Amino acid sequence: MTHKIVNGKLQLPEVTLVAMTSVNVKETIKAMLYSMKGIDFGDAVLITDKKPFGLPKSIRYSHTSKLDNIDAFNYKMVYELGDHINTDFAMIVHADGYIVHPEMWREEFLDYDYIGSPWPMPKDGDTTTYRDVNGNICRVGNSVGIRSKRLMDYPKKAGIPWEGEEAYGKMWFHEDGFICCKIKHILEKEGMKIAPLEVAVYFGHEHMIPEVQGITPFCFHKWDGTNSVYPNFFNEGLWNKANKGLRRLHGKLHKAIRG
């Protein structure tokens with residue numbers, strides 16, 4: 001399928017833009033709006049515990065219980081996300097990761113059930129990180145990415161148990177690692193596909209690994225390396241607060257001078 005460009009915007013009717021959070025909500029909304037600048041999605045939904053005041057009409061509110069810790073987020077992204085999605089795919093964004101180059105869209109991104117930014121190779125001596133059940137190194141994951149509706153629905157429908165991954169003497173529960181490593185073999189047995197490294201490098205960048213050098217990505221996650229040029233809505237908030245503080249100080253000084 002070739003997606004149309006209408007009035008300068010890419011048309012992705014089968015994709016929902018989605019974010020799930022109970023923190024940094026204002027920044028997350030800004031990231032969603034930025035992601036929509038060059039794309040018309042089939043739907044856009046913010047999943048949170050309370051409808052934000054002034055939520056743009058272009059973004060739908062969908063309720064979840066409060067995500068009061070990272071473990072709750074990771075769990076719900078695996079077992080609840082699909083309940084909020086009505087299209088064949090979802091593009092997941094965060095306050096610190098979103099679409100920055102809609103012009104870099106590739107039709108092949110929707111050939112897979114999961115695509116996200118590439119992961120680096122495990123560090124020397126690390127025998128557990130970024131590995132599937134058979135010990136094979138997994139190079140593609142990251143939460144900011146596209147997932148198919150069938151993948152989002154599968155863990156809950158199939159009753160897949162929520163299990164962590166032990167590394168560095170601690171048990172970790174990461175939703176992207178759970179899907180792209182822990183249960184990868186199960187998903188593949190069901191006919192689902194995770195994008196290969198050679199495609200993912202054009203989709204998104206998080207780690208500044210050699211394979212992404214010189215490539216302009218469709219999206220990004222975290223302001224590292226070449227990603228540092230993208231808008232940081234947290235800094236924008238700090239800048240606004242600083243300006244308000246300066247204006248208040250100026251007002252006080254003005255009153256003092258006038259007596």
Side-chain angles (χ1 to χ4, degrees), residues 15-39 41 43-85 90-102 114-117 119 141-147 152 172-180 203-208 217-246:
V15 181
T16 293
L17 181 72
V18 59
M20 180 187 288
T21 188
S22 287
V23 298
N24 305 319
V25 175
K26 290 182 179 179
E27 291 82 2
T28 299
I29 292 172
K30 289 179 180 180
M32 294 183 73
L33 292 173
Y34 197 95
S35 298
M36 299 164 71
K37 287 174 63 175
I39 302 174
F41 291 95
D43 192 12
V45 57
L46 174 65
I47 306 167
T48 187
D49 60 287
K50 183 179 180 181
K51 186 176 181 179
F53 177 77
L55 181 69
K57 292 182 179 179
S58 57
I59 299 175
R60 173 171 61 89
Y61 163 70
S62 193
H63 182 76
T64 189
S65 57
K66 190 170 184 178
L67 297 151
D68 51 10
N69 58 66
I70 191 64
D71 289 336
F73 167 81
N74 281 300
Y75 182 86
K76 289 191 177 193
M77 284 291 287
V78 173
Y79 295 101
E80 185 186 310
L81 180 61
D83 297 343
H84 303 270
I85 306 300
M91 171 71 208
I92 299 150
V93 297
H94 304 320
D96 62 351
Y98 49 90
I99 297 168
V100 285
H101 290 289
Y114 193 115
I115 185 169
S117 297
W119 281 327
N142 196 263
S143 186
V144 176
I146 294 176
R147 302 178 196 185
M152 289 182 281
W172 304 84
F173 291 86
H174 295 310
E175 50 102 14
D176 48 2
F178 181 79
I179 294 171
C180 296
F203 177 78
H205 294 175
E206 179 186 35
H207 299 275
M208 296 294 106
F218 174 68
C219 65
F220 85 105
H221 189 204
K222 300 182 180 179
W223 295 279
D224 185 30
T226 54
N227 291 345
S228 62
V229 300
Y230 302 130
N232 185 327
F233 304 117
F234 294 94
N235 288 346
E236 181 182 81
L238 291 172
W239 175 255
N240 289 336
K241 288 180 181 178
N243 277 341
K244 288 180 181 179
L246 288 172

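Note that the coordinates shown come from a computational prediction; the quantities given were computed from them, not determined experimentally. Any value given below was found using the heavy atoms of this structure, including those in side chains, with hydrogens, waters and symmetry copies removed.
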With sequence neighbours left out, write down each residue that passes side chain to side chain donor-acceptor pair (under 3.5 Å) with Thr28, or none if nothing qualifies.
-> none
Qualifying residues under side-chain contact (heavy atoms from CB on, under 4.5 Å), relative to Lys26, sequence neighbours excluded | none
For Ala31 and His94, work out which heavy atoms get closest and say how close.
-> CB-O, 3.3 Å
Over all heavy atoms of both residues, which pair between Val93 and Met32 is shortest? Give the atoms and the distance, please.
-> CG2-CG, 3.9 Å
Main-chain N/O of Ile47 paired to Ser62 side chain as donor or acceptor, under 3.5 Å = no
Going by the salt bridge (charged side-chain N to carboxylate O under 4.0 Å, His left out) test, which pairs reach into residues 69-83, not counting sequence neighbours?
-> Lys76-Glu80, Asp83-Lys156
Heavy-atom closest pair (Ala44 atom, Ser58 atom, distance to 0.1 Å) is CB-O, 3.5 Å
Ring pair (Phe, Tyr, Trp, His ring centres under 6.0 Å) partners of Tyr34, counting only residues at least two apart | Tyr98
Between the side chain of Trp119 and the main-chain N/O of Glu206, is any donor-acceptor distance below 3.5 Å?
-> no
How about Tyr79: does its OH atom have over 12 heavy atoms from other parts shown lying under 6.0 Å from it?
-> yes
Got a second to check how far Asn235's CG is from Trp223's CH2, nearest 0.5 Å?
-> 7.5 Å
By side-chain contact (heavy atoms from CB on, under 4.5 Å) - contacts of His174 (at least two apart) = Asn74, Trp172, Asp176
Any donor-acceptor pair under 3.5 Å linking the side chain of Asn227 with the backbone of Lys222?
-> yes
Sorted by chain and number, sequence neighbours left out, side chain to side chain donor-acceptor pair (under 3.5 Å) with Asp68 holds for none
Mind checking what makes side chain to side chain donor-acceptor pair (under 3.5 Å) contact with Thr21, not counting sequence neighbours?
-> none
From Leu81, Ile146, Leu17, residue fulfilling side chain to side chain contact (heavy atoms under 4.5 Å, CB included) relative to Ile92 | Leu81
Closest non-hydrogen contact found for Ser22 with Thr48 is CA-OG1, 3.8 Å
Do Val144 and Met91 come within less than 4.5 Å of each other through their side chains, counting heavy atoms only?
-> yes
Side chain to side chain donor-acceptor pair (under 3.5 Å) filter on Asp96, not counting sequence neighbours, yields His221
Mind checking ring pair (Phe, Tyr, Trp, His ring centres under 6.0 Å) for His84 and listing every partner two or more places apart, or none if nothing turns up?
-> none
Which residues satisfy the ring pair (Phe, Tyr, Trp, His ring centres under 6.0 Å) test with Tyr230, sequence neighbours excluded?
-> His101, Phe220
What is the minimum heavy-atom distance between Leu55 and Lys51, and which atoms define it?
-> CD2-CE, 4.3 Å
Rounded distance [0.5 Å steps], CG in Asn142 versus NE2 in His205 = 11.5 Å
Side-chain contact, heavy-atom cut-off 4.5 Å: Ile179 with Arg147?
-> yes
Identify the two heavy atoms, one from Ser143 and one from Phe73, that lie closest to each other, and give their separation to 0.1 Å.
-> OG-CZ, 4.3 Å
If we only count heavy atoms from C-beta on, is the Asp49 to Leu67 side-chain gap below 4.5 Å?
-> no
State which residues pass ring pair (Phe, Tyr, Trp, His ring centres under 6.0 Å) with Phe203; sequence neighbours excluded, sorted by chain then number.
-> Phe109, Phe218
Checking Asn24 side chain against Glu27 main chain: does a donor-acceptor pair fall under 3.5 Å?
-> no
